[in-house]
Amino acid sequence: MPAASLPVARVAVDVPLPHLDRLFDYLVPETMSADAVPGCRVRVRFSGRLVGGFLVERAAVTEHAGRLAFVERVVSAEPVLTSEIAGLARAVADRYGGTMADVLRLAVPPRHAATEANALGATAPDGTAPDGTAPDGTAPGPARAPEPEPEPGPWARYPAGPSFLAAVRDGRAPRAVWSALPGPDWPDEVAIAAAAAAAGGRGALIVVPDARDLDRVDAALTARLGRGRHVSLAAQLGPAERYRRWLAVLRGRVSVVAGTRSAMFAPVARLGLVVIWDDGDDLHAEPRAPYPHARDVLMLRAHRCGAAALLGGFARTAEGAHLVATGWARALAADRPTVRQHAPVVRPAGEDAELARDEAARTARMPGLALRTAHDALAVGPVLFQVPRRGYLAALACQHCGTRVRCVSCAGPVALAGPGQPPRCGWCGARAGPACASCGGTGLRALVTGARRTAEELGRAFPGIQVLTSSGASVLGTVPAGPAIVIATPGAEPLAPGGYAAAVLLDSWALLGRPSLRAAEEAVRRWMNAAALVRSGPAGGSVILMADPALAAVQALIRWDPATHAERELAERTELAFPPAVRMAALTGPADVIGEVLGSASLPAGAQVLGPVAVQPPGPAVQAGAQPADDTVRFLVRVPYPAGTALAVALRAALAERTARKEPGSVRLQLDPAELI
DNA sequence: AGCACGCCGACT
DNA sequence: GTCGGCGTGCTC
């Protein structure tokens, strides 16, 4: 018997098929009516078999002409899919040409039944079904004491800082692209912003790239808010603990949340502020379909719920510059004198052309200025060496003709794993022969030197000084304050209490020379993230950067001017008509299939198709000089920025029509992929 | 994707 | 006469 009141359940069914990406109506049996609340998990019969889904809303009538089936089971009355997240998931799916089911798999964690029953805030201990549990109202959360107004603290260093905080606290929706001053204060600044939202009775959501940044923000939140006022959602928590914390957020017991990428969908109640730190870090790009980026999702959330937004970092992305250029957000930065007061002194070394030509300088990779700076700094504190590659000798070239050594069987990069070890291919593991394929010479020289080899070299250059390395699997959190040489790969730099006395950024051309649209932006980001750990110039901190000072990226670091560099990057991409100036869809798959899809799709006006280009088949096992193993190609379609969602929706519809007809050949659709070249 | 219904060959 | 081939088509 259908429920007496609102008998229709509109269900988001968990099926992966794009042409079934819409809500389906079911009847709620009267016996389940109390449990079948909007947002709960259900099981329904769909085309004969049982599938999971979320009950999105209850309704009095259906639009469906045919007969409705009954909901098979209410899995739990916990309303895990809030209306905000349901709407967001729909918008993200549309934005990225994916399905709502795909997004919901990213947004709602798998149920942990025992945790759901045991967690604080659960219903009566007699085990009866929780009946109409009000998620707010008389929830047993901490009584709201009058919040002290947040002191601007380090935000006072930015002319617009105090007014941003006041607007957050007052329930408004300021949006800022924030150039953080170098130094250790950013986690505290983030925590103060979150506290301002909490003081205004709203929630805050903070997303950082990795677990180390999360630890720092977590500690700052504890210091600013006290214990029990926030949760951290990290991937490495077990499923039970993760679900327990997530439920505490869902049930409104805490409203300040910090986490890594997947926390971007956390159901924070009364969301008043979103924060993303270091949005250029590629960890913010979700690798699962439909490949949403945390920056996009958070800005979309802020927009949809009238929350404030803070997009911060030491460097600035072209996307950040675009948000400022379009007027969506304001730049939030300190004035020049304040920047100079906090930034280390940055000097280029190696005098560029000389370094590139002079064999000895290039082999040592360490001009006199770098060695002298390191030597002097070691008297007063630790010195950081940033090495772009881990390993030993990560790339080799012929000593005579300079040709890069490649594997004869698969053309992979040949490297030395350690001292006294033979050169081997990094892809297939084959040993490389002794003779150069191009000139027959037998000598080798380093093209890219890894962290291990650098540690060996520096240990010899500074006898008696402790050498620490932090890279790959063994990342150090902090290093002692005393003299030490710290060798780290980008992103793995440990904190030094009181700051490093100096930093030397090695092999800078390796970062700048990457064949990527974002190479310069990414180089500046990595350099600034390392340089921000160094003491300020007035406190004696200095950074040696081994690159050509004429390059704009190098100038950005020397002048500590991330905004100008980002604006320049944005101008370049505008000229090339690349994201973020436009929106771009990448279609990867068999050429004939993509051709049909593009032919049948009703693309928005102004769409421009680029391609095809042959794509390397997945995996490194490509024969040297051979044709690509199959006809996998990539097409790009670009449209003016406002037509981005129309493009995604049109391409998804064209792909859906194919899968509905069961035509063979799979095509991957990705919007604004991070790596375009 | 499953699982229907639907119209043409070899079997008890 | 029936059982069954898997070719379109729908899934509340």
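None of the values given here were measured: they were computed from a predicted structure. We use all heavy atoms of the structure for the numbers below, so side chains are in, but hydrogens, waters and symmetry mates are not. Letters A, B, ... mirror the listed sequences (proteins, then strands); counts begin at 1.
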Undergrad: Not counting sequence neighbours, which residues clear side-chain contact (heavy atoms from CB on, under 4.5 Å) with A:Ala607? List them please.
TA: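 A:Ala607 satisfies side-chain contact (heavy atoms from CB on, under 4.5 Å) with A:Leu603, A:Val637, A:Val639 only.
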
Undergrad: Rounded to the Å, how far apart are A:Arg658 CZ and B:dA1 C1'?
TA: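 So the CZ-C1' distance, A:Arg658 to B:dA1, works out to 16 Å.
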
Undergrad: Distances for protein N/O vs nucleotides 4-6 of chain B N/O pairs under 3.5 angstrom?
TA:
none

Undergrad: Using the side chain to side chain donor-acceptor pair (under 3.5 Å) criterion, which residues pair with A:Ser33? Sequence neighbours excluded.
TA: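 With neighbours one apart ignored, the set is A:Arg58.
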
Undergrad: What side-chain hydrogen bond (donor to acceptor under 3.5 Å, both in side chains) pairs are there with at least one residue in residues 639-654 of chain A, not counting sequence neighbours?
TA: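 Checked against side-chain hydrogen bond (donor to acceptor under 3.5 Å, both in side chains) - neighbours excluded - the pairs reaching residues 639-654 of chain A are A:Asp94-A:Arg652, A:Arg583-A:Tyr641.
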
Undergrad: If you look only at pairs with a residue in residues 585-597 of chain A, which of them pass as a side-chain hydrogen bond (donor to acceptor under 3.5 Å, both in side chains), with sequence neighbours excluded?
TA: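 Qualifying pairs, neighbours excluded: A:Glu596-A:Arg658.
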
Undergrad: How would you list, by chain and number, every residue that makes a side chain to side chain donor-acceptor pair (under 3.5 Å) with A:Asp278, sequence neighbours excluded?
TA: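 Once residues adjacent in sequence are excluded, the partners of A:Asp278 under the side chain to side chain donor-acceptor pair (under 3.5 Å) criterion are A:Arg525, A:Asn529.
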
Undergrad: Check each residue of residues 97-108 of chain A for a non-hydrogen atom within less than 4.0 Å of any atom in DNA chain B, then write out the ones that pass by number, or none.
TA: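 Close to the strand, none.
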
Undergrad: Does some side-chain heavy atom of A:Phe70 sit less than 4.5 Å from a side-chain heavy atom of A:Pro2?
TA: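 Yes - at least one pair of side-chain heavy atoms lies under 4.5 Å apart.
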
Undergrad: Can you sort out the partners of A:His112 under side chain to side chain donor-acceptor pair (under 3.5 Å), two or more places apart, ordered by chain and number?
TA: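 Scan of A:His112 (side chain to side chain donor-acceptor pair (under 3.5 Å), adjacent residues dropped) gives A:Thr115.
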
Undergrad: Along nucleotides 6-12 of chain C, 5' to 3', which nucleotides get a B, which get an S, and which get a -, given that the test is a protein heavy-atom distance under 4.0 Å?
TA: ---BBBB

Undergrad: Could you give the side-chain donor-acceptor pairs of residues 295-302 of chain A under 3.5 Å, partners two or more places apart or in another chain?
TA:
residue	atom	partner	partner atom	Å
A:Arg295	NH1	A:Asp279	O	3.4
A:Arg295	NH1	A:Asp279	OD2	2.5
A:Asp296	OD2	A:Arg95	NE	3.4
A:Asp296	OD2	A:Arg95	NH2	2.6
A:Asp296	OD2	A:Tyr96	OH	2.8
A:Arg301	NE	A:Glu84	OE2	3.0
A:Arg301	NH1	A:Met264	O	2.7
A:Arg301	NH1	A:Ala266	O	2.9
A:Arg301	NH2	A:Glu84	OE1	2.9
A:Arg301	NH2	A:Ala266	O	2.8

Undergrad: List in chain and number order the residues that pass side chain to side chain donor-acceptor pair (under 3.5 Å) with A:Arg573, two or more places apart in sequence or in another chain; answer none if no residue qualifies.
TA: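 A:Arg573 satisfies side chain to side chain donor-acceptor pair (under 3.5 Å) with A:Glu521, A:Glu569 only.
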
Undergrad: What pairs of residues pass the ring pair (Phe, Tyr, Trp, His ring centres under 6.0 Å) test when at least one of them lies in residues 252-290 of chain A, not counting sequence neighbours?
TA: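 Only A:Trp178-A:Trp277, A:Trp186-A:Trp277, A:Trp277-A:Phe314 qualify under ring pair (Phe, Tyr, Trp, His ring centres under 6.0 Å).
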
